[in-house]
Amino acid sequence: MAPSLEEPTQVDFDAPLKAAPKLVAPEPEHCPGPESQQAGQADSCAGCPNQAICASAPKGPDPDIPLITARLSSVKHKILVLSGKGGVGKSTFSTMLSHGFASHPDNMVGLMDTDICGPSIPKMMGVEDETIHVSGEGWEPVWVKENLGVMSVQFMLPGRDDAVIWRGPKKNGLIKKFLMDVCWGELDFLVVDTPPGTSDEHLSVNSFLKASGVDGAVVVTTPQEVSLLDVRKEIDFCRKASIPILGIVENMSGFVCPGCKHESQIFRPSTGGARRLAEDENIPFLGAVPLDPRIGMACDFGESFLTAYPDSPACAAIKEVVRRVGEEMGLTSEEVLPEDDDEVEE
Amino acid sequence: MGLENVRNIILVLSGKGGVGKSSITTQLALTLSLQGHTVGVLDIDLTGPSIPRFFGIEEAKVRQAPGGWVPVDVHTKQTLPSRTQTNGEANGQAGHEVGALSCMSLGFLLRDRGDAVIWRGPKKTAMVRQFLTDVLWPELDYLLIDTPPGTSDEHISLLETLLKNTSPTPSASLPFLAGAVIVTTPQAISISDVKKELNFCRKTSIRVLGVVENMAGFVCPNCSECTNVFSKGGGEIMARDFEVPFLGSVPIDPAFVMLVEEGIRPQYPEGTKIDGQDLSRSEEHNGDGKAGLFVDKYRDCSLYPLFDGFVRRLLQDLGNRT
């Protein structure tokens with residue numbers, strides 16, 4: 001059979017999300033979908049071996065969503081960090097954002113890593129060898145410092161390098177557990193780091209958090225068009241899923257040679273970079289973070305770049321972005337990240 | 001069955017995103033083509049397809065023919081004008097034979113390049129299967145498969161379908177699943193994700209043909225000082241730990257980025273030498289340097305000799321197994 005050249009169909013964002021019933025045969029053509037209200041009753045269901053299974057599967061919204069909402073009712077602000085492209089610095093930026101928020105002693109911060117197949121957050125936070133503790137209340141996040149907790153699939157792996165070869169539904173199940181069973185406690189900020197793309201993890205996070213409300217998404221990109229191309233798709237995703245966009249951050253923008261201080265554009269913004277994209281899409285531009293090899297090194301060693309190199313230009317740029325994120329959420333910079341003494345002098 | 005015309009299949013994998021899988025795939029494809037082989041590139045990154053952008057064919061759309069999709073041609077089999085070098089030596093005596101190069105990507109199916117493809121696993125599985133079975137590839141010496149980051153739906157479906165339809169040893173009737181090229185960047189964060197991918201290859205018994213360390217070092221165009229922007233040496237150590245071949249390190253070359261982003265023929269300042277070979281060109285380009293085929297311009301890139309070496313090693317390795 002020749003494949004159709006139809007426009008790829010989009011998923012229904014409002015469809016109830018739950019485990020699909022176990023089917024005994026592949027879904028037939030024009031299948032209404034095992035999760036839909038007409039499952040088992042549509043015309044095309046006649047004669048399908050799955051008919052009885054689909055017809056008897058429970059209908060309606062996911063019963064776990066109220067549980068998630070109750071669990072997260074003590075979290076004041078929820079921020080997603082997104083990018084269509086991989087390796088642009090989502091995790092790096094998520095850790096910076098968390099460290100930034102947590103540098104205010106009154107803030108309680110949680111960081112959740114939803115990248116199931118390539119979790120980087122534990123290494124960047126220097127807690128790679130920790131494992132999860134289960135208490136009567138649920139799973140205890142791993143605390144990096146007294147006001148910064150982290151949760152990632154990495155903490156559950158028996159071996160550090162084990163591959164997590166999972167299909168979508170299994171990943172969704174784990175993300176749900178992260179939201180439902182982790183006792184985050186009273187949090188001021190929950191930062192959710194995501195994998196690249198626009199697929200299962202993103203849809204799940206969105207549908208699980210919809211009821212409890214997300215403050216918005218921070219979109220990370222690098223300046224070159226190859227990356228912007230994928231980021232445009234992510235913005236389209238946010239619009240379709242009605243996730244508010246707090247703004248766009250340009251990472252790895254410009255590299256200053258440590259030898260001669262000559263600035264090169266390693267990833268050339270041939271189409272105007274993130275600034276232009278933000279203008280075109282009419283979303284706030286939060287700032288540009290220069291490419292500093294020390295950021296990568298700090299991540300490799302699991303330390304906070306903000307405390308390790310407080311004087312670097314990259315550090316100032318990051319702090320500015322953290323404040324802008326706070327501003328977009330309607331917070332003052334005192335609540336988010338207090339100004340340093342030396343910065344006030346400037 | 002879409003793979004019956006394909007002789008060898010090579011996967012390009014990495015656990016980490018943004019390390020240059022698509023960039024490496026592009027360059028391997030160009031180099032194979034420059035060595036006279038017929039090459040196909042299949043992009044199974046469904047939610048972030050970059051291959052159309054790399055080959056500069058974003059406007060192209062897939063055509064439908066009876067029985068399947070027709071891949072998009074990048075260039076046909078032809079003879080390129082011989083390359084004149086500054087040292088006066090002609091590279092090929094009577095021009096340079098290149099093999100045909102064609103691609104297939106989800107990007108060719110989208111109405112608008114900014115459209116998001118928001119699919120859950122089962123839908124992606126079906127699409128990957130369709131890409132493997134319904135594309136009408138011409139006779140191909142090599143099919144390179146570019147993958148998304150991770151070890152999830154796309155990868156599982158890809159391997160499920162491939163293991164059924166290919167042979168793990170060279171055979172006359174089935175395509176030969178030669179193995180995988182693993183791409184990483186040197187820093188530890190990337191290495192730890194890529195180790196997961198190596199374990200994925202072990203579990204699925206895919207042979208690792210070699211590890212390429214991308215973005216290893218950046219030579220400042222102003223003072224020629226080499227900075228290891230993303231540290232160095234990690235890829236080689238990882239390859240040794242996992243007892244897989246290490247193909248080599250690829251530096252960041254802004255001229256290659258320019259070539260991809262703006263289609264400008266790579267040009268290096270006077271006196272640029274890489275591996276003792278003088279790459280600077282004295283003669284002026286006609287026009288703005290945008291003329292010519294992508295593959296032709298790539299011959300002037302400093303990365304070409306490097307990839308030429310990689311490909312020779314890969315092919316020798318494949319040849320030894322027949």
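Predicted model, so just to flag it, every value in this text is computed and none were measured. Numbers restart at 1 for each chain; the letters A, B, ... are given by sequence-line order, proteins then strands.
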- Message: Tell me if the centroids of the rings in B/W69 and B/F131 come within less than 6.0 Å of each other.
- Response: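 Here the rings of B/F131 and B/W69 have centres that are less than 6.0 Å from each other.
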
Mind ranking [options] by heavy-atom pairs under 4.5 Å with chain B and telling me who comes out on top?
options: A/G84, A/P169, A/G168; answer: A/G168
options: A/M297, A/Q265, A/H262; answer: A/H262
options: A/G302, A/G89, A/S227, A/P119; answer: A/P119
options: A/E234, A/R268, A/R232; answer: A/R268
options: A/K123, A/Q154, A/K233; answer: A/K233
options: A/E128, A/K171, A/R239, A/R294; answer: A/K171

Under a 4.5 Å heavy-atom cut-off, does chain A meet the side chain of [X], its backbone, both or neither?
X: B/S152; answer: both
X: B/M215; answer: side chain
X: B/I156; answer: both
X: B/Q187; answer: both
X: B/E154; answer: neither
X: B/P148; answer: neither

- Show the numbers, then the answer: is there a side chain to side chain donor-acceptor pair (under 3.5 Å) between A/S91 and A/D193? CA-CA 6 Å; A/S91 301; A/D193 182 28; 2.8 Å; yes

- Message: Does B/R113, at its CZ atom, have more than 12 non-hydrogen atoms belonging to other residues, nucleotides or ligands within less than 6.0 Å?
- Response: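 Atom CZ in B/R113 is crowded, with more than 12 foreign heavy atoms closer than 6.0 Å.
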
- Among B/G150, B/S190, B/P254, B/G48, residue most engaged with chain A (heavy-atom pairs, under 4.5 Å):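 Counting heavy-atom pairs under 4.5 Å, the top option is B/G48.
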
- Residue-level contacts of residues 16-23 of chain B with chain A, using a heavy-atom cutoff under 4.5 Å: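 Hits under 4.5 Å: B/K16, B/G17, B/G18.
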
- Task: Write out, in numerical order, the residues from residues 158-167 of chain A with a heavy atom short of 4.5 Å from a heavy atom in chain B.
- Result: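 Residues of residues 158-167 of chain A touching chain B at under 4.5 Å: A/R160, A/D161, A/D162, A/A163, A/V164, A/I165, A/W166, A/R167.
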
- Message: Between A/D236 and A/K240 (salt bridge meaning N to carboxylate O under 4.0 Å), is one present in this structure?
- Response: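 Counted as a salt bridge, because a side-chain N and a carboxylate O are separated by less than 4.0 Å.
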
- Task: Could you check if a side-chain atom of B/L109 sits within less than 4.5 angstrom of a side-chain atom of B/K61, using non-hydrogen atoms only?
- Result: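 A side-chain contact is absent here, since even the closest heavy-atom pair is not under 4.5 Å.
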
- Distance only, no hydrogens: is a donor on one side chain within 3.5 Å (strictly under) of an acceptor on the other, for A/S253 and A/E250?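 Note: A/S253 and A/E250 side chains meet the donor-acceptor criterion.
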
- Check against side chain to side chain donor-acceptor pair (under 3.5 Å), B/T184 and B/E213: CA-CA 5 Å; B/T184 184; B/E213 184 182 80; over 6 Å; no

- Item | Aromatic ring pairing A/F267/B/F230, orientation class (parallel under 30°, perpendicular over 60°, tilted between) |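 Answer is tilted, since the angle falls between 30° and 60°.
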
